[in-house]
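Below: one structure in structure tokens.
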Amino acid sequence: MSLFGDSLDAAVQKAFTRPAPKTAGPQMRYLVKQLGSTRAVAQMLRISQRTVERYVKDQIRKPRPDLAARLEREVKKRWQPQIRARARRKAATTGGIVIDTRARMGYTAPIGSTDQDRIRHLTIALPPVYAARLFDAREAGADERALKEIAAEALKEVYFQDSGRRAGSLEEVRFTDIEHLEFDL
């Protein structure tokens, strides 16, 4: 589970115009339609082809919890790709992205400054360039550490250095403990 990646996905899902299917039968039928065969769905979900066929025909209605989680994740990953792309494009070109976090953050700065980690609750609008970097990294399969570094760099510029207006040479910002994280487009 990736806190930053899942938060980015949740922000994009807020742009959906229709809700994704909630129950197993419609979810399976959607995946079969997207992937073209029950065999492909079975391989992706690591279940038998016959089991997929039984879900499609509503002969089975309630999946095991682990299968239900995989099924929901795969449906949401493929749901409304054009809406998803439009939301990402808007955030990356004009709108930017808002980060709302309650985390323990510190920074590395010149000697004589107070760089002690402390809990901060920040709601900051990040410029489109950072939204683009976050979404591009997410699409490329970046891990949690890489997404965290991009967000920390954005907070360094926008919050700690006030978009370059605050004097001082701040070297890096670091997240040490995150209690809450939410992105909004």
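FYI, side chains are in, hydrogens and waters are out, and symmetry mates aren't considered; it's all heavy atoms of this structure.
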**Report entry** Lys/Arg N to Asp/Glu carboxylate O, Arg50 vs Glu53, below 4.0 Å
**Finding:**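 Glu53 and Arg50: salt-bridged.
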
Does the pair Asp6/Arg73 count as a salt bridge with the N-to-O cut at 4.0 Å?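 Judged by the 4.0 Å cut-off on N to carboxylate O distance, Asp6 and Arg73 do not form a salt bridge.
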
(message) Which heavy atom of Ala24 sits nearest to which heavy atom of Arg61, and what is that distance?
(response)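 Distance-wise, the nearest heavy atoms are CB-O, 3.7 Å.
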
Would a single hydrophobic cluster contain both Val75 and Val41, if residues Ile, Leu, Val, Met, Phe, Trp and Tyr are joined by side-chain heavy-atom contacts under 4.5 Å?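 Same hydrophobic cluster.
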
TODO: Can you see which heavy atom on Phe135 is nearest to which on Ile97, and at what distance?
DONE: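 In this case the closest contact between Phe135 and Ile97 is CZ-CD1, 4.1 Å.
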
Take Glu153 and Lys156 through the test salt bridge (charged side-chain N to carboxylate O under 4.0 Å, His left out) and record every step on the way to the result. CA-CA 5 Å; Glu153 185 181 329; Lys156 171 187 164 188; over 6 Å; no

- request: State whether the side chain of Arg102 and the backbone N or O of His121 hold a donor-acceptor pair below 3.5 Å, judged by distance alone.
  value: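 Side chain of Arg102 to backbone of His121: no pair is present.
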
Distance-only, no hydrogens or angles: does the Arg54 side chain make a donor-acceptor pair with backbone N or O of Ile60 under 3.5 Å?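 No, the answer is negative, given that no donor and acceptor are paired below the 3.5 Å cut-off.
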
Backbone of Pro21 reached by a side-chain donor or acceptor of Gln27 within 3.5 Å
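Present.
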
Is there a side-chain contact between Arg88 and Glu139 (heavy atoms, below 4.5 Å)?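 The answer is yes, as the side chains (C-beta and beyond) meet within the 4.5 Å cut-off.
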
Query raised in the report: Are the side chains of Phe16 and Arg84 in touch, meaning some heavy atoms are under 4.5 Å apart?
Result: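 Yes, at least one pair of side-chain atoms sits under 4.5 Å.
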
Could you tell me which non-hydrogen atom of Pro127 sits nearest to which non-hydrogen atom of Val158, and how far apart they are?
->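 Scanning both residues, the minimum pair turns out to be CD-CG2, 3.5 Å.
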
- request: Mark yes when over 12 heavy atoms from residues, nucleotides or ligands other than Lys62 sit less than 6.0 Å from its NZ; otherwise mark no.
  value: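 Open.
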
ILVMFWY network linking Ile119 to Leu122, side-chain heavy atoms under 4.5 angstrom |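 Cluster IDs for Ile119 and Leu122 differ.
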
- Checking Trp79 side chain against Arg18 main chain: does a donor-acceptor pair fall under 3.5 Å?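 Side chain of Trp79 to backbone of Arg18: a pair is present.
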
Pair Asp184, Asp100 - check side chain to side chain contact (heavy atoms under 4.5 Å, CB included), show working. CA-CA 8 Å; Asp184 199 8; Asp100 178 30; over 6 Å; no

Side-chain ion pair, Lys76 and Glu72, N-O less than 4.0 Å:
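Here Lys76 pairs with Glu72 in a salt bridge, since their nearest N and O are under 4.0 Å apart.
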
If you look at every heavy atom in Ser7 and Phe183, which pair is closest and at what distance?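 Reported closest heavy-atom pair: CB-CD1, 3.5 Å.
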
Would you say the side chain of Arg138 lies within less than 4.5 Å of the side chain of Asp9, judging by non-hydrogen atoms?
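Yes, at least one pair of side-chain atoms sits under 4.5 Å.
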
Val56 to Arg29 - nearest heavy-atom pair and separation:
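Minimum heavy-atom separation between Val56 and Arg29: O-NH1, 2.7 Å.
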
- request: Please check if atom CD in Gln82 has more than 12 non-hydrogen atoms from other residues, nucleotides or ligands closer than 6.0 Å.
  value: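 Not more than 12 within 6.0 Å, no.
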
Check: According to a 4.5 Å side-chain heavy-atom criterion applied to Ile, Leu, Val, Met, Phe, Trp and Tyr, with indirect links allowed, do Leu155 and Ile178 form part of one hydrophobic cluster?
Finding: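 Per the 4.5 Å side-chain linkage, Leu155 and Ile178 are co-clustered.
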
Let me confirm one number: the CE-CZ distance from Met105 to Arg174, rounded to the nearest 0.5 Å.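 One finds 11.5 Å between CE of Met105 and CZ of Arg174.
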
*How close do Val12 and Leu185 get, heavy atom to heavy atom, and via which atoms?*
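Nearest heavy atoms, Val12 then Leu185: CA-CD1, 4.0 Å.
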
